[in-house]
Amino acid sequence: MPDKNNDAEAVLPATTPRRNPKPEIDEIGGRKLKPSTLMMGHGFDPALSEGSLKPPIFATSTFVFPSAAAGKRHFEGITGKRPGGAEGLVYSRFNGPNQEILEDRLGVWEDAEDALSFSSGMSAIATLFLAMVKPGDTIVHSGPLYAATETLIARVLGKFGVHFLDFPAGASRAEIDAVLAKANSGRVALIYLESPANPTNALVDVEAVRASRDAIWGNSEEKPPIAIDNTFLGPLWQKPLQHGAEIVVYSLTKYAGGHSDLVAGGVLGTKKHMDVIRAMRNTIGTITDPNTAWMLLRSLETLELRMTRAGENAAKVCEFLRDHPKIERVGYLGFLKDDAQADIFRRHCTGAGSTFSLYVKGGEKESFAFLDALRIAKLAVSLGGTETLASHPAAMTHLSVSDSRKQALGITDNLVRISIGVEDADDLIADFDAALKKV
Ligand SMILES: *Cc1c(COP(=O)(O)O)cnc(C)c1O
């Protein structure tokens, strides 16, 4: 730090390397500030960074200790010799200022006790699993899951003697009870959910899973935590910690990042569980990098704006597509008819999202003709970006899935997946209208 800043330094506490933001303003006149307000400043004190309005990118692999004794104290916290964890920043595989600010802000959206950032959605999920399971354990999960998550559970963890049992995403309380009771003959390490499921959009009744879990395990030490992948509707339209989950998982690559220009993941929830997952992340180094964390801070400032606009656009586009003569059906959460699914939607969700399934009349030929004729929407897998994307699951993301499983999941040759962005809704409708004329 240059000499002119010596005065500022003098008023700081004897500088052990830790982020020490000024007291947070998260309430005014008894009014708790909303996440969209807190995203602009929460967790960052400009006075600690030369008055910089925005957090700098801290490109460093390690942090200087003010004394040998302070260094020892940090490591006592990191290794668990002393409770409470690390008191400051030690080494960049464990954490850094950009990641800590990101984690503070991620937690705000769901009122989580603690949050962790990761290098991808999959590294978040893998670190969660590695932290929770041991050989002989069972993971109970809803199905279908994101394809790589299914591979991780069945093939990778399977190699290490971890078992799994699943129930369909739309399962009733009685069906969930039956699967959990069956799994309870051994140690159940984790109940892992994904809702809405990809690509079926089926919703999981998180409240029913919680009630079923609690009825079986009560307050036993062996009670498995409930984790849920909230990538499709979170954090704006679904907050599963309020419905009984203890751990929420994100691919931040999607809506949270929101610009299709980064890959990252997040896990948030109860501190007790975050401590275990953090210890595993410290060991294997699956944390996000400072540059990506910084980009995510930018993204979170506009998260509510982007998701709100994308959601409104999707509602308009789906309304147009619903009655189109070349469309067989639109699988959009805003059009739920099935009573049980509509009931879960009312209890768990505050918006229908902007990712949906479109069944074109015909098969692969008609679907491909439609996809190739789109001019605004881009042909790419992924979702949640500012731009509208379209893809064909049967021929792309789910190409290697067996025919029988594809049939069970409703992944037909006429299924097109759409993720609506923040463009002008009428432009998008014009694009879809013109493309359907070419079918
Ligand atoms: C994309 C995605 C993932 C994996 O995230 P990456 O950031 O690509 O590793 C996991 N779950 C869901 C629901 C996803 O859409």
Side-chain angles (χ1 to χ4, degrees), residues 99 102 106 115-130 139 141-157 166 169 190 192-204 206 227-238 240 245 247-268 277 281 284-289 291-293 295-296 299-300 303 307 310 314 331 333 348-349 353-357 380-385 387 389-391 393 396-398 401 409 411 417-421:
Q99 296 93 324
L102 169 63
L106 277 179
L116 298 165
S117 65
F118 292 87
S119 56
S120 72
M122 284 319 301
S123 77
I125 294 166
T127 308
L128 161 73
F129 289 165
L130 285 179
I139 295 176
H141 71 82
S142 63
L145 298 174
Y146 185 72
T149 310
E150 290 205 353
T151 303
L152 190 56
I153 292 176
R155 300 218 205 125
V156 182
L157 294 180
D166 61 350
L190 182 68
Y192 186 85
L193 314 174
E194 183 176 311
S195 181
N198 182 26
T200 57
N201 266 3
L203 296 170
V204 178
V206 182
I228 177 168
D229 185 330
N230 198 30
T231 299
F232 275 77
L233 288 181
L236 205 60
W237 297 307
Q238 180 169 259
I247 301 167
V248 175
V249 174
Y250 280 99
S251 167
L252 300 176
T253 311
K254 314 295 168 54
Y255 287 97
H259 297 72
S260 308
D261 55 4
L262 62 84
V263 173
V267 176
L268 40 97
I277 302 164
R281 188 187 67 175
I284 63 179
T286 40
I287 192 167
T288 189
D289 65 279
N291 189 68
T292 304
M295 286 170 74
L296 279 161
S299 293
L300 290 182
L303 179 101
M307 290 185 81
L333 288 173
H348 289 13
C349 312
S354 82
T355 303
F356 59 90
S357 298
V381 299
S382 197
L383 59 117
E387 63 286 294
L389 298 182
S391 66
M396 297 171 190
T397 47
H398 293 70
V401 174
L409 296 179
I411 303 174
R417 277 292 267 182
I418 309 278
S419 167
I420 296 288

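Both counts, for ligands and for their atoms, begin at 1 and track the order of listing. Side-chain atoms are counted along with the backbone in the values below, which use heavy atoms only and exclude waters and symmetry mates.
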Pairs under 3.5 angstrom, nitrogen or oxygen on both sides, ligand 1 versus protein: list them out, please.
residue, atom, partner, partner atom, Å
ligand 1, 5 (O), Ser251, OG, 3.0
ligand 1, 7 (O), Gly121, N, 2.9
ligand 1, 7 (O), Ser251, OG, 2.8
ligand 1, 7 (O), Thr253, OG1, 2.6
ligand 1, 9 (O), Gly121, N, 3.0
ligand 1, 9 (O), Met122, N, 2.8
ligand 1, 11 (N), Asp229, OD2, 2.6
ligand 1, 15 (O), Lys254, NZ, 2.7

Thr397: which residues meet the side chain to side chain donor-acceptor pair (under 3.5 Å) condition with it, sequence neighbours left out? none
Do we see a donor-acceptor contact under 3.5 Å between the side chains of Thr149 and Tyr192? no
Side-chain donor-acceptor pair present, Ser357, Arg417, cut-off under 3.5 Å: yes
Do Ser251 and Thr231 have a side chain donor and acceptor closer than 3.5 Å? no
Taking it one step at a time, do Val249 and Asn230 satisfy side chain to side chain contact (heavy atoms under 4.5 Å, CB included)? CA-CA 6 Å; Val249 174; Asn230 198 30; over 6 Å; no
Working for side chain to side chain contact (heavy atoms under 4.5 Å, CB included), residues Ser419 and Phe356: CA-CA 7 Å; Ser419 167; Phe356 59 90; over 6 Å; no
